[in-house]
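Taking it in order: structure first as structure tokens, then the write-up.
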Amino acid sequence: MENISKEFPGVKALSDVRFQLNAGEVHALVGENGAGKSTLMKVLTGVYAKDAGSIFLRGEPVEIGSVRQSQQLGIVMIHQELNLMNHLTAAQNIFIGREARRAGLFLHDQELNRRARELFGRLNVDIDPTVRVGSLTVAKQQMVEIAKALSYDSDVLIMDEPTAALTDNEINDLFRVIRMLRAEGKGIIHISHRLEELKQISDRITVMRDGGYVATVNTHEVDTGEIISMMVGREIFITRTEREVPADAKVALEVRNIRRGRMVKDVSFSVRQGEILGIAGLVGAGRTETARAIFGADRKAGGEIFVNGKKVSINAPSDAVKHGIAYLSEDRKRYGLMLGLSVQTNASIATMRRFLTGGFFLSDRREGANARKMVGELSIKTPTLRQRARFLSGGNQQKLVLAKWLTRNCDILIFDEPTRGIDVGAKNEIYKLLDRLAAAGKAIVMISSELPEIIRVSNRVVVMCEGRITGEVTGDRIDQETIMRYATMREA
Amino acid sequence: MTKTNNRSATQLLIIVSVLIVMFAFFALMKPGFASYINVMTIALSTCVNGLLALGVTFVITTAGIDLSIGTTMTFSCVMSGIAFTSWGFPIGLAIAFGFLVGAACGGTSGFAVAKMKLPPFIATLAMQMMTKGLSLVVSGIKPVYFTAAPNYQKIALGGFLGIDGFYNAFVLFILGIAIAYVLYSRTLLGRYTQAIGSNEESARLSGINTTRWKMLVYMVSGLFSAFAGLIMSSRLGSAQPQLGAGYESEAIAAAVIGGTSMSGGEGSIPGTVIGAFIISVLTNGLRSMAVTTEWQTVVTGMVLAGAVYFDLLRKRGRAN
Amino acid sequence: MTKTNNRSATQLLIIVSVLIVMFAFFALMKPGFASYINVMTIALSTCVNGLLALGVTFVITTAGIDLSIGTTMTFSCVMSGIAFTSWGFPIGLAIAFGFLVGAACGGTSGFAVAKMKLPPFIATLAMQMMTKGLSLVVSGIKPVYFTAAPNYQKIALGGFLGIDGFYNAFVLFILGIAIAYVLYSRTLLGRYTQAIGSNEESARLSGINTTRWKMLVYMVSGLFSAFAGLIMSSRLGSAQPQLGAGYESEAIAAAVIGGTSMSGGEGSIPGTVIGAFIISVLTNGLRSMAVTTEWQTVVTGMVLAGAVYFDLLRKRGRAN
Amino acid sequence: ATAKPLEGGFIPVIPLGVAHQFWQAVKMGAEQAAEEYGVTIVFDGPQEETMVDKQVDILRANLTNENLIAVCMAAIDEQSVLTDLTAVKEKGMPVVGFDAGCGAIADAHCSTSNYAAGELAAQNAIRLLNGEGKIAIVGHSQTVVDAVARVKGFVDYIQANSKIEIVDTQYGDGDHLKSADIAKSMLIANPDIDLIYASNEGACVGAYNGLKEINMIGKVMLIGFDSSAAMKAGVRNGEIAGAITQDPVGMGYKAVATACKLVLGEPVEGEVNENGTIVVDTGCYWYDATNMDEAHIAPLLYD
Ligand SMILES: Nc1ncnc2c1ncn2[C@@H]1O[C@H](COP(=O)(O)OP(=O)(O)OP(=O)(O)O)[C@@H](O)[C@H]1O
Ligand SMILES: Nc1ncnc2c1ncn2[C@@H]1O[C@H](COP(=O)(O)OP(=O)(O)OP(=O)(O)O)[C@@H](O)[C@H]1O
Ligand SMILES: [Mg+2]
Ligand SMILES: [Mg+2]
């Protein structure tokens, strides 16, 4: 790809970007949030039309006008967002557009199921091909996406953050398959914010910054620090800040015996003011469900919740927010933002009443002032406060969700995968922010599947497995081995 | 496989039970309700609405709506009548022309929805107005009679295999059901209909030409409308240009009672058929109990809300 | 700031231009069209549809729909008439009772949508049937006359400040517009309406009691229906129980022509008002040019599709 | 050609609705008269025969015409047009009601009394049943004025003059299919019904089809209202016992002609009622297989 440019209203998403992929290599594409990685790949797969530039495939110039065309040219992409049809089965999803047919006319689902089972076998995952995709966990859905991409047997496979929702085991399985494909001579583009992965899997790395091309390097010739500085244009250090919870800090949130369905079984824990409690576990351990049950997003089957020592009844998110609890969900687009509304409205939506004048009329001025402050504090990249949230990049969207809750100024914050799909620079900012919030006396619960992250920020960690808490670690004992041991303590 | 089948089987079982309970209630209240002839009457009165509902099931499954089905039905049989009486088409060709008109109307709505990206409600409301007006214009606000084709009424009302009271219309309806069922469950069209309804953007990113398939879906709806128009005009021996508006509500209600989700992605052809029968049984039952027309309307509204709520409860129960 | 303002300002500018061009066209074709009295006629005929459209704008913004607005309008003024004539309510109280009935109908639809999770199309279709039937039941299928309240017709038809031909109805309509505008743009209700329409689940997880606010939104729609019913019955001097079905299409069309998105999240009160005027000017203009009713229907359908398409093009142009 | 006396004048003719062949026949008559007098007419009604306010709007839109000389009106609700028609009269222009009419304000009223038409149907029903038996009614509207009168006239007369029982009345909007289904379910629920009375063309042809579908033709008598090709065929072969026809063409003609005469100050034939309205009877007639080809009936039947 040469000199690719693409403009969205108000944003020059790509300018003069070049990118080259060899057969039989894994090429990593990195860059900060909003650097233009996804856009570049969408141009390559015909989702967006480019404004300028040319694309060559095996030396021949090609025009790619539609997704179908790119598929026919042997280019397939796994998008950053899940792209599945929830009402269809796993097998139907995988082979959508390429259904097996009898007599050229009638669908042959048994054949699809058989082929899907084969693919899952290759990926080493346990998914029933006939189950509706909507009833799978995010991780399993991601595996379906990967299986779907593999099924095309294409020459070029693009994966936009395929590992964001996966645990280490699943990532290892995925990498095993990627290496297999590489050995078969396919070209793989791998986009990820988990820089430690790059060392494991990639051959070359291309770095983008602010819609432009920075450099392409051989992976074994650089270290992570160099990549980071290329990405952000400056050095960044991730360090664990030592932060002590005052001995006299009061318990802000305590939950006892929370139950919900099969996935949350008698979960109890507490978190003190100024403390960050990490909740670790493998994907599907029931952490999200626990958080949602506490927050009142789902009805719980039983359990008690205490805020500042007083028992409260929470049956809906509005109750939780009233008691000063905020929940930042793991899926910002579905559960965090109003994509069609402005940055400003999104920032103030959880706190609307505060912007009333005379108890009835909303003050645009005060709303704007708040949004401006948030955009500044979190360095959210947006052309104006009126920009619709839809048009922000993934990372900036995540920051906007944060802005919503910071505006609300809740005392108890539950973060579910707060850095999913966020680049290192932004990640570090968020860690600092968490530290700052804790220092200000907030009680924080942080659910994360990234162990380094858990270890980096938590004062204390509880670990979940199969819907129950299997262990708790504090202080020096917080390390990967201990957490993993608890995370895999399945019932006999 | 089994999982999906069980689910839809349960759903079907439930609405079939609703239908049976309803039927039993009226049969108890009013002897004669369960008589052969009344059952045939109910069946016959289900044909038109049932065919409309089958077509609209496809559209609703794509998370769309088609408000023009009733007036398209009328327009296609009026045009077929005009072709027959004024343009001298032989009857067979005239009927085929009716189907063509239905497909064209549906296709135009489909074009407006899929290509021009009009909201389905608006596109098909506009189509409803246009077909309604045009039916009156082309017919000169007079019924178009098929009297010159002596067998035209036999198409719907002839006795099938000489069985008394068992009309050809049923055979045609069953044919329509079979076609809809196969299309919906066993062909690309049905699969893509569900895929588009479930997540259109994903379907598009999977390389499906969603625009073309959506146009086809509305065309299918138009074709079923024309089919309903054939039965309707054959029953009456004429095409009545002023009819049609209002038929869409009942057809949509049948589809939704039958478990088709208005938010798209899932639907059921057998469900739609049962849904249509539920409405006919209710209407016929209330009539035979001499409930006044205005109370019939009230009760139908309550049953509609109730039936759909019931289905939702079941789905929710399934989810937990 | 400027951007949104610009955006909606451009949109408004465009449909205002459409309105003006349309008006100029008819005025050229038919002198007398632009006469004071005809302009007042157009304005008066816009009041009812305009008020209905204002209410439904809220509902559509939540990505819902309200098919019951027309029949709720009727039911509320019939009930108000019954309260006045049969129950001996003083006229003021009877009018207030009408609003209460409207709010109750809207609230019930809202309950069905927000609490029972019925699809809005179905819930409000059921409400449409029920209010339609009940209007006939309670009125005994006869108009309910307000003749015993000699000033009742003045509410809509009295001359405002003695200006000849400038009816009170306009003042009431303007009041309705002002209320809708403030509610929509400057209050929690409006903001939450948009939030719910944009992403209901996100709104709920932001601590908004979406169930309650959605119920309120439908209640607002019911209240505007009752308001329309007041104007309607005051114009006619009676509550006509058979009216109402069919009015919803025109009101929804007005809102959508005015730029309210059927997929929720965005809408515009001034847009809705202009949309309502576009429909009235079109209808009145076609009539004054002696276009037959059936062609009027056809043309209205085409204009509806065209206007909405035009708006979409503009939005798309903006996006690129 | 002879000079047309009212060349350039404009008369709006506003019916209850338009989407029915009955109104098309009225329109035809109105156009004949307009042609004769040289006036321009507009024949425009609301889409549905229930939409009172739309009808008022139509009236008003037409009142702005600078050449207006008179108004012909069939009001859905008299009250609703009272103010506007009063204004017309104050300008010295005549108001002529037709069909449903427009109440006491009218200078003249050209119509069939639908109530009387209902009575005429009842007389024939009694004759056909020899004064006893059971009747069911398929109505076409519970709200449209003339539809209500047709049923009421029928029911009142039957109850006052016979022992006939009216077992059920249901309404099918003049929708042929609905009316067919209604007729069928009424007959199945009450197999002892002897006669069905249908209140307009849609109701009658619908019921006729319904009877055919359950092979009840000949077992149950059917009497109807209005005319169409299908009805004429049914009446001719005796499967429809008979029907009432009004003279819609004549009604349309007389409405416009009367308006013109009033403008010209010519005399109008007719009785003057207590409101000072000249009542021009356009008549209603019973027709059946025996008389439908007679000279005074045949022109009244339309397709
Ligand atoms: N459809 C769109 N309309 C307008 N702007 C867009 C659109 N898609 C992306 N952008 C903008 O283009 C820029 C590049 O976004 P892109 O999604 O390619 O970034 P990215 O590198 O994939 O970031 P992330 O790591 O957060 O996913 C961003 O500034 C974003 O706001
Ligand atoms: N909608 C659903 N239907 C059925 N089962 C579900 C659904 N959502 C979640 N589950 C089940 O609940 C389990 C817990 O999911 P949950 O999302 O709470 O896990 P988690 O620990 O938060 O993992 P993740 O890292 O994916 O967020 C999953 O294994 C899944 O099987
Ligand atoms: Mg991206
Ligand atoms: Mg989770």
Side-chain angles (χ1 to χ4, degrees), chain C residues 30-42 44-49 70 73-74 132 135-136 139-143 145-147 153 156-157 228 231-233 235-247 250 280 283-294 296-297 300, chain D residues 10-20 23-24 27 34 40-68 75-84 86-87 103 139 141-145 147-148 151-152 169 171 173:
Chain C
K30 198 82 199 173
F33 178 82
S35 65
Y36 178 71
I37 178 157
N38 195 46
V39 171
M40 290 299 119
T41 300
I42 293 174
L44 187 59
S45 70
T46 312
C47 292
V48 166
N49 185 39
M73 162 182 85
T74 301
K132 183 177 167 182
S135 292
L136 295 172
S139 68
I141 321 189
K142 277 197 280 291
Y145 288 99
F146 286 90
T147 20
Q153 283 208 280
L157 296 181
I231 305 277
M232 171 85 122
S233 57
R235 269 191 71 181
L236 302 176
S238 63
Q240 300 281 339
Q242 79 283 9
L243 277 189
Y247 281 67
E250 213 163 271
S280 310
T283 314
N284 184 294
L286 291 173
R287 261 180 209 145
S288 66
M289 286 175 64
V291 174
T292 58
T293 312
E294 56 274 22
Q296 284 176 28
T297 318
T300 310
Chain D
F10 172 76
I11 303 177
V13 183
I14 301 173
L16 301 178
V18 283
H20 202 277
W23 297 116
Q24 294 305 301
K27 183 181 180 183
T40 317
I41 62 161
V42 149
F43 190 88
D44 191 8
Q47 277 185 23
E48 310 286 337
E49 300 190 12
T50 53
M51 298 182 157
V52 185
D53 64 320
K54 310 270 160 177
Q55 200 191 29
V56 176
D57 287 342
I58 292 170
L59 173 64
R60 295 181 148 229
N62 283 302
L63 294 185
T64 59
N65 191 299
E66 62 273 28
N67 301 321
L68 186 74
I76 299 174
D77 180 71
E78 296 167 6
Q79 198 73 28
S80 66
V81 289
L82 194 58
T83 340
D84 289 311
T86 311
S141 167
Q142 293 169 281
T143 56
V144 171
V145 199
V148 175
V151 172
K152 191 158 175 0
T169 305
Y171 296 87
D173 300 334

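Just so it is clear, the values below take in all heavy atoms, side chains as well, and ignore hydrogens, waters and symmetry mates. We name chains A, B, ... by the order of the sequence lines, and we start the count at 1 in each one.
Looking only at side-chain heavy atoms (C-beta outward), D/Asp77 and C/Ser238 come within less than 4.5 Å of each other. C/Thr283 has its side chain out of reach of D/Lys54: every pair of non-hydrogen atoms, C-beta onward, lies at least 4.5 Å apart. No side-chain heavy atom of D/Gln79 sits less than 4.5 Å from a side-chain heavy atom of C/Leu236.
With rounding to the nearest 0.5 angstrom, the CG atom of D/Asp84 is 8.0 Å from the OG1 atom of C/Thr41. The CD atom of D/Glu48 lies 11.0 Å from the CD atom of C/Gln242; values are rounded to the nearest 0.5 Å. Atom CE of D/Met51 is separated from atom CD of C/Gln240 by 13.0 Å, given to the nearest 0.5 angstrom.
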Test log, rule side-chain contact (heavy atoms from CB on, under 4.5 Å), inputs C/Arg287 and D/Ile58 | CA-CA 7 Å; C/Arg287 261 180 209 145; D/Ile58 292 170; 3.1 Å; yes
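Heavy-atom pairs under 4.5 Å with chain C were tallied for D/Ser80, D/Pro12, D/Pro46; the largest tally goes to D/Ser80. Among the candidates C/Val291, C/Leu243, C/Thr297, the residue making the largest number of heavy-atom pairs closer than 4.5 Å to chain D is C/Leu243.
Not counting sequence neighbours, the partners of D/Thr40 by the side chain to side chain contact (heavy atoms under 4.5 Å, CB included) test are D/Phe10. Every residue two or more places apart in sequence or in another chain was checked for a side chain to side chain contact (heavy atoms under 4.5 Å, CB included) with D/Glu78, and none qualifies.
Looking at D/Val52, both its backbone and its side chain come within 4.5 Å of chain C, counting heavy atoms on both sides. Contact of C/Thr292 with chain D is made through the side chain alone, with heavy-atom distances under 4.5 Å. Proximity to chain D (any heavy atom under 4.5 Å) is restricted, for C/Tyr145, to the side chain, taken from C-beta onward. Only the side chain of D/Ile76 comes within less than 4.5 Å of a heavy atom of chain C; its backbone N, CA, C and O stay farther away. Heavy atoms of D/Gln142 lying under 4.5 Å from chain C belong to its backbone as well as its side chain. Neither the backbone nor the side chain of C/Ser280 comes within contact range of chain D; no heavy atom of the residue lies under 4.5 Å from a heavy atom of that chain. With a 4.5 angstrom heavy-atom cutoff, C/Leu44 touches chain D only via side-chain atoms.
Taking every heavy atom of both residues into account, D/Ala61 and C/Asn38 meet most closely at CA-OD1, 4.2 Å. Listed here is the closest heavy atom pair of C/Arg235 and D/Asp53: NH2-O, 4.3 Å.
Between D/Asp44 and C/Thr293, the side chains place a donor N or O and an acceptor N or O closer than 3.5 Å (distance only, hydrogens not considered).
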